[in-house]
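Lettering of chains follows the sequences in order, A, B, ..., and the numbering in each one begins at 1. Only heavy atoms go into these numbers, but all of them, side chains included; no hydrogens, no water, no symmetry mates.
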Amino acid sequence: MDFIINATLKAVKHLYNTDIAAGEVNLQETRKEFEGQVTIVTFPFTKFSKKSPEQTGNEIGTLLQKELKEVTGFNVIKGFLNISLADNYWKSRLYNEILPDGFAVFKPNGKKVMVEYSSPNTNKPLHLGHVRNNLLGFSVAEILAAAGYEVVKTNLVNDRGIHICKSMLAWQKFGNGETPESSGLKGDHLVGKYYVIFDKEYKKQIEDLKADGQTEDDAKKNAPLIKEAQEMLQKWEAGDLEVMSLWEKMNSWVYAGFAETYKRLGVSFDKFYYESNTYLLGKDIIEEGLAKGVFYRKDDNSVWIDLTSEGLDEKLVLRSDGTSVYMTQDMGTAQLKHNDFHIDKSIYVVGNEQDYHFKVLFTILKKLGKDGADGLFHLSYGMVDLPSGKMKSREGTVVDADDLMDEMELTAKEQTEAMGKVEGFSEDEKLHLYHTIGMGALKYFLLKVDPKKRLLFDPNESVDFQGHTGPFIQYTHARIRSVLSRAGVAGISKAHDYAALAAEERDLIVSLTQFPEIIQLAAEGYSPAVVANYIYELAKIYNKFYHEKSILQAEDEAAKQFRLLLSEASGKVINKAMGLLGIEVPERM
RNA sequence: GGUCCCAUAGCUCAGCUGGAUAGAGCAACAGAUUUCUAAUCUGUAGGUCAUAGGUUCGAAUCCUAUUGGGAUCACCA
């Protein structure tokens, strides 16, 4: 649409002898109720045209129509100049831009970006909150790659710490040697079971101590179980062989379980970092910061940074005993990532409960003048809440990721069978279809909302398969593929002789041309929701077209060929756009 | 208490850097299939964009205050 902007600049110069920047031309899609496809908002021009918005619009419109062969007409309503573009213009965009292979493919921009996501604890299985994180991270990585970035997907696994010792200790005390093999439980679920058992036993002990007259706080500190867990952590840090081997054994169970869940979710990583390797990092940065005067040391030997001038607090960056805190290791890990990959941008997909932490972390790294500090971004997403409130692993009030996927696939199966749509499918094809549809519904449900917003999930209300949903879009794709396969591979040729465009056809082309901008917009905003909402609009427009216009029984051969091409283009864009969300589209459903 | 985020139809959400009469889906109601897949399409109904001020030719969008909800402020991660 640059040619319209440029012509508008010229028109403004010619008519009103005023130079304006391209950004001052407010171009938007014309609303459905008006004639035309693009609209220029002319209110701002009245400042220098010294004329009414209507008159200004008419003058510019007249000139544009005279100068541009693509402009076939215009109308003015208040400060809105609605422009109609020639059918040939839209057809040529379909033929020359959308249908060729390079459509919506961005050239590499030479920048490298890291997306860290998932980053689970190894003491319990993944739940719905993790699912949102994983889908977001994976999709954002796909979108950035589509926008021309080189992308490195990383997973920083929190594999050490007191919470893991809790699971280990409970297993040691109450597990009787239970293994995934002996119990048939998935490894991460088995370990999570003992995390819950620990909490239950711990609470019992607290109650007992309180009955003996201790305060709640004292009881929490003095309960034998928590003391044992802390001892275990110390042994771990000291490299105690027995503890290490238990730790390795239980972690390996968890990793096997996670691998299964990741595979089913369709997410993947290029690089894993483990906190057991990174938790000691960052101490050299402390020295560096002290030397630069960014940090200061208190009398008790602890190291701090004063961020009160930035509206933040004083923050501890190293304990008085010289050990690392969360902030210390995150500084170190940021450095490590940069050394390993020389990245231009680094995205952290982490929930918004850690907004403050990342604000502080990024401020510190900037103050230290670290390379890449300007490219840090916290993709802060809202928590997933249940009607009953927040999910809590310890209390078992979570929607488990594996259970949820089971349910989605089951629902997909029931719906599909009820509609009798699996004739001629093999058993494998059926299973694959149920997976595709079930996951499509779940992924779309989670990705269509703005990442920043918190999400309410009611386990009692099943995820929809109709309307603004993944299956709706998948269905649209299946319809398209069905028509194309009926037409036959050799059935499509270019139909330059197809004359006038129907409104439904033009709307579809207009929507298709927007895809590259959508990728750009989604990449800039790190928002899969932008893509999700776009595909929905596109699918709706296609369905309308499909309903109004006969394709295989078109009025003549030219119309048929043209509509087949339009369908092919729509199918491709839907497929690619859904791919950016990590959602598969079926050939039949 | 300090700081940050959020508030749009009964429910779930769109609404891009300010632009037309605020849009979808679900739920409700009424219709469309001898014709390419009805997981579709068409229509009806549903709104004081939390409230009050301000900036502007123009505010759901920007600013201020208030109300309500959430998060965070550990020598936890």
Side-chain angles (χ1 to χ4, degrees), chain A residues 23 26 28 30-34 39 41-44 46-47 53 77-80 82 121 158 160-163 275 279 298 300-304 311-313 315-321 323-327 329-330 351-357 359-360 380 382-383 385 389-390 412 415-416 418-419 421 437 441 445 448-450 452-458 461 464-476 478-487 517-518 521 524-525 529-530 532-533 536-537 539-540 543-544 546-554 560 563-564 567 588-589:
Chain A
N26 188 343
Q28 53 189 248
T30 305
R31 287 179 157 238
K32 284 182 211 68
E33 57 264 44
F34 304 106
T39 295
V41 184
T42 56
F43 283 111
T46 57
K47 261 183 257 143
I77 293 157
K78 290 190 264 184
F80 300 92
N82 302 320
N121 291 341
N158 187 354
R160 50 145 251 126
I162 189 76
H163 44 283
E275 286 200 12
Y279 81 107
K298 285 194 178 173
D300 64 1
N301 226 25
S302 57
V303 179
W304 295 74
L312 304 166
D313 300 302
K315 192 83 190 169
L316 176 94
V317 291
L318 192 72
R319 289 195 188 99
S320 52
D321 63 4
T323 56
S324 299
V325 289
Y326 186 34
M327 194 62 73
Q329 57 171 292
D330 264 7
N352 64 10
E353 55 197 353
Q354 295 198 38
D355 282 355
Y356 184 75
H357 172 76
K359 210 181 264 185
V360 172
S380 162
M383 298 286 100
D385 291 324
K390 213 176 162 176
Q415 302 248 345
T416 307
M419 285 184 269
K421 290 214 171 183
I437 297 174
F445 176 80
K448 78 172 177 186
V449 307
D450 186 329
K452 291 194 288 288
K453 298 207 173 171
R454 60 190 272 264
L455 199 70
L456 189 78
F457 181 85
D458 188 346
E461 270 181 48
D464 281 329
F465 283 63
Q466 267 127 35
H468 189 182
T469 65
F472 169 88
I473 296 160
Q474 291 173 319
Y475 173 73
T476 307
R479 263 185 158 176
I480 292 171
R481 298 306 306 168
S482 170
V483 173
L484 293 176
S485 82
R486 276 171 193 277
E517 306 157 34
I518 292 294
L521 210 60
E524 283 165 11
V530 169
N533 287 305
Y536 175 62
E537 288 302 322
K540 261 206 305 193
N543 278 318
K544 170 102 174 157
Y546 179 92
H547 196 261
E548 299 296 324
K549 297 291 163 190
S550 206
I551 299 170
L552 298 176
Q553 312 298 324
K560 177 178 166 186
R563 287 172 194 160
L564 283 170
S567 297
R588 287 190 291 160
M589 69 183 272

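B/G70 and B/A24: their C1' atoms are spaced 27 Å apart (whole Å).
When heavy atoms are screened at a 4.0 angstrom cut-off, A/Gln474 is found touching no nucleic acid atom at all. No engagement by A/Thr46 is indicated, since no non-hydrogen atom pair under 4.0 Å with the nucleic acid exists. Contacts of A/Tyr326 with the nucleic acid, taken as non-hydrogen atoms under 4.0 Å apart, include base atoms. Among the protein residues, A/Tyr356 comes within range of the sugar-phosphate backbone only, with heavy atoms under 4.0 Å from sugar or phosphate atoms but none that close to a base.
Ranking B/A71, B/A24, B/A77 by closeness to the A/Asn158 side chain, first place goes to B/A77.
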Quick one, give me the B/S/- string for nucleotides 27-37 of chain B, reading 5' to 3', where B means a protein heavy atom under 4.0 Å from the base and S means that only happens at the primed atoms, P, OP1 or OP2. ---------BB
Indicate for each nucleotide in nucleotides 16-22 of chain B, in 5' to 3' sequence, whether protein heavy atoms under 4.0 Å reach the base (B), only the sugar-phosphate (S), or nothing (-). ---BBS-
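One atom, CZ of A/Arg160, and another, C1' of B/A77, lie 9 Å apart when rounded to the nearest Å. Look at CG on A/Asp321: it is 18 Å from P on B/A74, rounded to the nearest Å. Rounded to whole angstrom, the span from the CG atom of A/Asp330 across to the P atom of B/C76 amounts to 15 Å. Per the geometry, NZ belonging to A/Lys47 stands 12 Å off C1' belonging to B/G58, to the nearest Å.
For RNA chain B, each stem of at least three Watson-Crick or G-U pairs (distances under 3.5 Å) is given as range with range: B:1-7 with B:67-73, B:10-13 with B:23-26, B:28-32 with B:40-44, B:50-54 with B:62-66.
Atom-to-atom distance recorded for A/Ile437:CD1 and A/Gln474:CD is 6.0 Å, nearest 0.5 angstrom.
A/Ser320 and A/Asn301 share no side-chain donor-acceptor pair at under 3.5 Å.
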Listing time: all N or O pairs from protein to nucleotides 4-13 of chain B that are below 3.5 Å?
residue, atom, partner, partner atom, Å
B/A7, OP1, A/Lys453, NZ, 3.4

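Residues forming a ring pair (Phe, Tyr, Trp, His ring centres under 6.0 Å) with A/Phe34 (at least two apart in sequence, or on another chain): none. For A/Tyr326, the ring pair (Phe, Tyr, Trp, His ring centres under 6.0 Å) partners two or more places apart in sequence, or in a different chain, are A/His357.
At a cut-off of 3.5 angstrom, the base of B/A39 holds no donor-acceptor pair with the side chain of A/Thr469.
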side-chain hydrogen bond (donor to acceptor under 3.5 Å, both in side chains) evaluation trace for A/Asn543 with A/Tyr475: CA-CA 10 Å; A/Asn543 278 318; A/Tyr475 173 73; over 6 Å; no
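One finds a salt bridge joining A/Asp450 and A/Lys452 here, because a Lys/Arg side-chain nitrogen approaches an Asp/Glu carboxylate oxygen to under 4.0 Å.
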